[in-house]
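Nothing fancy with the numbering, it's 1 onward along the sequence.
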Amino acid sequence: FVALASAEGRLIYLNDAGRRSVGLTTQEDVTRHQLLDFFYADVRDKVRDEVLPKVIAQGFWRGKHHFYHLPSGRSFPVQATIFAAFGSDGSFLGFGCMGRDVTDEETAQKKLEQAVTARDDFLSIASHELKTPLTALKLQLQLCARRVDVTLNKAPEPQRLSHTLTVALEQIERLNTLVDDLLDVSRIRGGKMRYRFAEVDVAELVRETTEGLADAYQQANTPLLVDAPFATFAWADRFRIEQVVVNLLTNALKYGEKSAVHVQVREVDGQAQLTVRDSGMGIDAHSLDKIFLRFERALSRQNISGLGLGLYISKQIIDAHGGEIGVQSTLGEGTCFCVRLLREELITKA
């Protein structure tokens with residue numbers, strides 16, 4: 001952006017880049033405007049009363065202001081230098097202005113700041129999530145160790161020892177799950193996630209998976225209703241699809257607010273369709289398009305733990321299968337996740 005203006009501030013010249021940036025087409029259009037016209041309305045008074053007098057007094061000014069695209073009314077940030085032009089006798093002749101649109105730099109800077117903030121938030125929550133089971137595990141082992149005395153041949157009573165070991169194993173399994181999620185994200189990002197495809201009965205897989213989670217649902221006093229009576233096949237990696245089912249059911253258990261969770265498997269349009277529905281807290285409309293992003297659950301709400309990786313990993317797995325995963329939700333009324341997987345003959349093999 002290169003402009004020249006008279007001592008009164010009326011434009012004399014504006015180069016092609018400058019005309020494009022402010023939305024003028026000809027040099028004739030340029031001369032109808034004042035230099036101030038190109039500054040966004042909110043800063044014009046400041047430029048007139050502070051910046052231009054400083055230019056006349058000191059010879060130049062350098063800084064960032066928002067310029068104005070005249071046809072659309074859009075503002076955009078410009079790193080500008082305004083300088084004074086003087087005659088040989090020292091008389092003030094007018095202003096010169098050189099500027100550069102820094103929208104891309106500002107956008108990149110904001111993205112970088114958001115990425116750094118997300119990283120810091122994640123590290124904070126991840127350290128907390130990893131430390132919680134470690135603290136519980138350490139406490140149980142310390143209590144057990146205090147009841148052991150080799151010299152006196154003393155050991156904890158069997159019932160207490162059994163309880164300690166059960167709690168310790170639960171915390172180790174929780175740690176293992178957290179670490180596995182982090183490793184999966186690393187594999188996905190590095191393109192190293194491996195799949196073993198075969199014909200899988202999704203209905204059978206869902207029945208087996210829900211049986212494995214029955215105790216957790218019973219302890220949470222949450223009904224788990226399964227409707228998967230018919231064999232429904234898909235071309236899939238059984239282990240990874242089971243991982244998706246576990247993620248969705250665990251998610252429903254966390255956010256379903258003890259409402260019944262309905263799981264259904266059907267064949268729809270030649271595809272295996274799995275739905276997981278609850279009547280819990282639901283998701284607001286602004287967050288629906290974010291829930292499949294990494295670490296979106298990093299900041300805990302309502303004391304619900306988690307790294308925010310489950311849905312991200314699930315989507316990556318389903319995408320790798322050539323399938324679809326979607327969500328419908330109403331805040332305060334519940335959420336429904338829907339997964340569709342292709343049958344073998346519908347998949348194009350490389």
Side-chain angles (χ1 to χ4, degrees), residues 114 117-118 121-122 124-126 128-129 132 174 177-178 181 184-185 202-203 205-207 209-228 240-266 268-269 271-319 321 323-341:
Q114 290 170 353
T117 299
D121 289 342
F122 167 70
S124 174
I125 298 302
H128 171 74
E129 291 293 333
T132 298
R174 183 177 174 185
T177 300
L178 291 170
D181 281 350
D184 278 345
V185 170
V202 179
L205 183 153
V206 166
R207 290 194 298 268
T209 305
T210 52
E211 286 176 8
L213 292 171
D215 287 345
Y217 268 77
Q218 187 172 3
Q219 291 175 14
N221 195 29
T222 300
L224 179 58
L225 308 176
V226 182
D227 180 13
R240 292 301 179 185
I241 296 304
E242 180 181 351
Q243 187 178 354
V244 172
V245 176
V246 170
N247 282 337
L248 294 179
L249 291 174
T250 302
N251 205 65
L253 188 61
K254 286 181 180 179
Y255 298 99
E257 296 182 313
K258 300 187 183 299
S259 67
V261 175
H262 299 261
V263 185
Q264 184 185 74
V265 178
R266 289 286 188 273
V268 178
D269 298 330
Q271 297 178 324
Q273 177 177 286
L274 161 69
T275 57
V276 177
R277 177 169 49 86
D278 66 68
S279 302
M281 65 180 66
I283 307 168
D284 66 84
H286 298 295
S287 300
L288 278 176
D289 59 345
K290 300 178 182 178
I291 61 173
F292 293 112
L293 301 179
R294 284 182 302 157
F295 312 133
E296 182 57 27
R297 243 311 278 126
L299 292 176
S300 292
R301 297 188 295 271
Q302 301 190 16
N303 298 318
I304 297 174
S305 63
L307 297 177
L309 296 176
L311 291 178
Y312 167 78
I313 293 171
S314 296
K315 187 177 189 312
Q316 300 304 310
I317 290 173
I318 298 304
D319 285 350
H321 281 69
E324 298 176 351
I325 181 170
V327 58
Q328 292 181 334
S329 186
T330 302
L331 194 62
E333 296 182 13
T335 302
C336 180
F337 285 93
C338 180
V339 175
R340 283 195 173 192
L341 294 168

What's the spacing between [X] [atom1] and [Y] [atom2] if we round to 0.5 Å?
X	Y	atom1	atom2	result
S314	N251	OG	CG	8.5 Å
L293	L311	CG	CG	10.0 Å
L274	C338	CG	SG	7.5 Å
E324	D319	CD	CG	9.5 Å
N247	K315	CG	NZ	14.5 Å
Q316	L309	CD	CG	11.0 Å

### Those residues that, when tested against D184, pass side-chain contact (heavy atoms from CB on, under 4.5 Å) (two or more places apart)
R187, M193, R240, Q243, I313
### Message
For a 4.5 angstrom cut-off between non-hydrogen side-chain atoms, does L253 reach V261?
### Response
no
Run the side-chain donor-acceptor check on residues 217-224: report pairs under 3.5 Å with partners two or more places apart or on a different chain.
{"from": "Y217", "atom 1": "OH", "to": "L249", "atom 2": "O", "distance (Å)": "2.6"}
{"from": "T222", "atom 1": "OG1", "to": "A220", "atom 2": "O", "distance (Å)": "3.3"}

Just by distance, do the side chain of [X] and the backbone of [Y] share a donor-acceptor pair under 3.5 Å?
X	Y	answer
D278	A252	no
E257	M281	yes
D269	Q271	no

What are the two closest heavy atoms between [X] and [Y], and how far apart are they?
X	Y	result
S259	G280	OG-N, 3.5 Å
G334	S329	O-OG, 2.9 Å
F337	F292	CE2-CZ, 4.0 Å

### Query
Which is it for D227 and R266 under the side chain to side chain contact (heavy atoms under 4.5 Å, CB included) test, yes or no, and what are the steps along the way?
CA-CA 9 Å; D227 180 13; R266 289 286 188 273; 2.8 Å; yes
### Query
So among L213, L205, T210, V265, which one has a side-chain contact (heavy atoms from CB on, under 4.5 Å) with V245?
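For V245, the side-chain contact (heavy atoms from CB on, under 4.5 Å) test succeeds with only one of L213, L205, T210, V265, which is L205.
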### Name of the residue among T275, L225, V276 meeting side-chain contact (heavy atoms from CB on, under 4.5 Å) with Q264
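Only one of T275, L225, V276 forms a side-chain contact (heavy atoms from CB on, under 4.5 Å) with Q264, namely T275.
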